[in-house]
Amino acid sequence: MELAQTLFLPLLLCLLFLVTQQSASLVSAGHHHHHPTHRHLFDWRPTKLFVFGDSYSDTGNNIKSVTKSWKYPYGITFPGRPTGRFSDGRVLTDYLAKFVGVKSPIPYKFRNVGIKHLKYGMNFAYGGTGVFNTLVAAPNMTTQIDFFQQFIKDSVFNAQDLHSSVALITLAGNDYAYYLALNNSSEGFKPFITSVVNQLSVNLKRVYDLGVKKIVVTALQPLGCLPGSTAEFSFQKCNGTQNLLVGFHNLLLQQAVAKLNNETKSSFFVLDLYTSFMSVLKNNGNHLGSIKFENPLKPCCVGISSKYDCGSVDDSGAKKYTICDDPASAFFWDGAHPTQQGWLAVYSALQATLEELY
């Protein structure tokens, strides 16, 4: 989601006609104790996790020299240094791997380190990417799946590996950021949302056809609540119009997944980041065991002005950002991504959902 925080914002007020109601219910999410017992979505124990998507699931694929996730202060909570995760620590992939019961799979860029490191699957996700090409020159989702297919062709992963695996697919809005940056047109936005979801559906079915029989795909998170959208309101309220547009995407996704499940005996699951994010952001502390943030819309790491963002330095190397005293006190880490504690809160809110699915 690295791009969407700054590029998704224009034109949205004139796009309200695209959505006549908030999306129908996806897979529900509620508060749950954040140290759950790990029941599974499955009647078998998964052995591998394959990951495709963007910065919400990337654990280190982007190029070190040009990506802020490889620079301080990213990774200061876990593991204490930058690892390519777009957070101060763990991200969604790490928590889903924990639920599935495997270690977080290694990034694709480290594929040559030895076969033993492929034991838990592989992460093909690249921050800043989408189902189509974006402003980030990195493999889009189709290319990521091409990489996966080549591994299968080369017999790195066999049929049994695939049958006992789970796929996580994240889509956090970079396609829409790219569209608005290039087209600046409201008229074509509704068809573009449809094309994005259609391509995502094609990608989901392709992963299934390659042999993975349980596939988890994320609904779009509330873009109107990301710090890049709430800064103009001093991080006090979300942009409701943007969130209605997110609802249009999520409604189409729900319909696409329902169609796929009719064809494949319920192999696809929507992980409802919209509802889980909102349940955390609106948490008033009344839910026993849930995680509460004092000002959940305010990010921990911010640039000193609108010219800078988290991790920015000037030509002399002087930092141009500030960090909160305790990242665990913040839901958002930077302008678009949760902290490790924020992802834990989202994961906790999704626990009941995950346990109901299997």
Side-chain angles (χ1 to χ4, degrees), residues 1-10 54-92 94 126-129 134-138 172-174 177 181 221-239 277 280-281 293-346:
M1 253 306 293
E2 185 174 8
L3 297 177
Q5 67 195 69
T6 56
L7 297 177
F8 195 80
L9 308 183
D54 46 40
S55 58
Y56 272 23
S57 54
D58 183 5
T59 55
N61 276 316
N62 282 81
I63 300 173
K64 287 187 177 183
S65 60
V66 298
T67 307
K68 67 181 183 180
S69 61
W70 279 105
K71 296 177 174 61
Y72 184 86
Y74 288 79
I76 59 172
T77 299
F78 171 83
R81 56 180 173 79
T83 60
R85 289 170 170 84
F86 288 79
S87 183
D88 65 307
R90 295 173 177 85
V91 296
L92 180 61
D94 302 302
Y126 282 78
T129 64
T134 65
L135 292 174
V136 172
N174 294 308
Q221 75 281 8
L223 295 177
C225 296
L226 301 186
S229 298
T230 64
E232 65 176 309
F233 307 120
S234 301
F235 307 115
Q236 295 301 309
K237 66 176 183 178
C238 300
N239 185 316
F277 268 55
V280 174
L281 295 174
F293 301 93
E294 288 301 322
N295 186 356
L297 298 180
K298 184 176 181 180
C300 175
C301 185
V302 294
I304 61 173
S305 73
S306 59
K307 292 168 49 180
Y308 304 103
D309 57 14
C310 181
S312 293
V313 295
D314 63 18
D315 293 339
S316 65
K319 69 177 186 178
K320 296 296 181 179
Y321 60 90
T322 61
I323 311 174
C324 63
D325 292 335
D326 178 17
S329 68
F331 177 75
F332 285 110
W333 168 243
D334 59 14
H337 308 95
T339 59
Q340 172 174 289
Q341 189 75 355
W343 276 123
L344 175 60
V346 169

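This chain uses plain numbering: 1 for the first residue, then up along the sequence. None of these values were measured; they are calculated from a predicted model.
Heavy atoms from other residues, nucleotides or ligands lying under 6.0 Å from CG of Asp325 number 12 at most. The neighbour count for Ile63 CD1, taken as heavy atoms of other residues, nucleotides or ligands under 6.0 Å away, does not exceed 12.
Two rings, from Trp333 and Phe86, have their centers 6.0 Å or more apart. Taking the six-membered ring for Trp and the full ring otherwise, the centers of Phe293 and Phe332 sit at least 6.0 Å from each other.
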**Request:** Let me see the working for Lys68 and Asp334 under side-chain contact (heavy atoms from CB on, under 4.5 Å), right down to the final yes or no.
**Result:** CA-CA 11 Å; Lys68 67 181 183 180; Asp334 59 14; 3.6 Å; yes
**Asked** How far apart are the C-alpha atoms of Leu226 and Gln221, what are their side-chain angles, what is the distance that settles it, and do they pass the side-chain contact (heavy atoms from CB on, under 4.5 Å) test?
**Response** CA-CA 9 Å; Leu226 301 186; Gln221 75 281 8; 4.1 Å; yes
**Request:** Starting from the C-alpha separation in whole Å, work towards a yes-or-no answer on side-chain contact (heavy atoms from CB on, under 4.5 Å) for Val91 and Thr59.
**Result:** CA-CA 8 Å; Val91 296; Thr59 55; 4.0 Å; yes
**Request:** I would like to know whether Val280 and Phe331 meet side-chain contact (heavy atoms from CB on, under 4.5 Å); could you show each step before the answer?
**Result:** CA-CA 9 Å; Val280 174; Phe331 177 75; 3.7 Å; yes
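Not a single donor-acceptor pair under 3.5 Å links the side chain of Trp343 to the backbone N or O of Arg90. For the pair Thr129 (side chain) and Ala138 (backbone), a donor-acceptor distance under 3.5 Å is absent. Formation of a donor-acceptor pair under 3.5 Å by the Ser69 side chain with backbone atoms of Gly84 is found in this model. Side-chain N or O atoms of Thr134 include one that pairs as donor or acceptor with a backbone N or O of Gly128 at under 3.5 Å. Not a single donor-acceptor pair under 3.5 Å links the side chain of Thr230 to the backbone N or O of Phe233.
Ser305 is linked by a side-chain contact (heavy atoms from CB on, under 4.5 Å) to Lys307, Tyr308, counting only residues two or more places apart in sequence or in another chain. With sequence neighbours excluded, the residues satisfying side-chain contact (heavy atoms from CB on, under 4.5 Å) with Gln236 are Ser234, Asn295. With sequence neighbours left out, Ser306 forms a side-chain contact (heavy atoms from CB on, under 4.5 Å) with no residue at all. Residues meeting the side-chain contact (heavy atoms from CB on, under 4.5 Å) test with Pro82, sequence neighbours left out: none.
Shortest non-hydrogen contact noted between Gln341 and Ala328 is CG-O, 3.3 Å.
Asp58 and Ser55 are not linked by any side-chain donor-acceptor pair at a separation below 3.5 angstrom, with hydrogens and angles left out of the test.
Contact of the Ile323 side chain with the Cys301 side chain is registered, since non-hydrogen atoms from C-beta on lie closer than 4.5 Å. The shortest side-chain heavy-atom distance between Tyr74 and Cys310 falls under the 4.5 Å cut-off. In this structure, the side chains of Leu92 and Ser57 stay at 4.5 Å or more apart for every pair of heavy atoms. At a threshold of 4.5 Å between non-hydrogen side-chain atoms, the residues Val302 and Thr322 count as touching. The shortest side-chain heavy-atom distance between Phe277 and Pro338 falls under the 4.5 Å cut-off. Side chains of Pro222 and Cys238 form no contact here, defined as non-hydrogen atoms less than 4.5 Å apart. The closest side-chain heavy-atom distance from Cys225 to Leu297 is below 4.5 Å.
Contacts classified as salt bridge (charged side-chain N to carboxylate O under 4.0 Å, His left out) and involving residues 223-238 (residues at least two apart or in different chains) are not found. Residue pairs satisfying the side chain to side chain donor-acceptor pair (under 3.5 Å) criterion with at least one member in residues 80-89, sequence neighbours excluded, are listed as follows: Thr77-Asp88, Thr83-Arg85, Arg85-Asp94.
Atom-to-atom distance recorded for Asn61:CG and Asp54:CG is 12.0 Å, nearest 0.5 angstrom.
Between Tyr321 and Tyr72, the ring planes are tilted. Angles from 30° to 60° get that label.
For the cysteines Cys324 and Cys300, the sulfur (SG) atoms lie within a distance shorter than 2.5 angstrom of each other.
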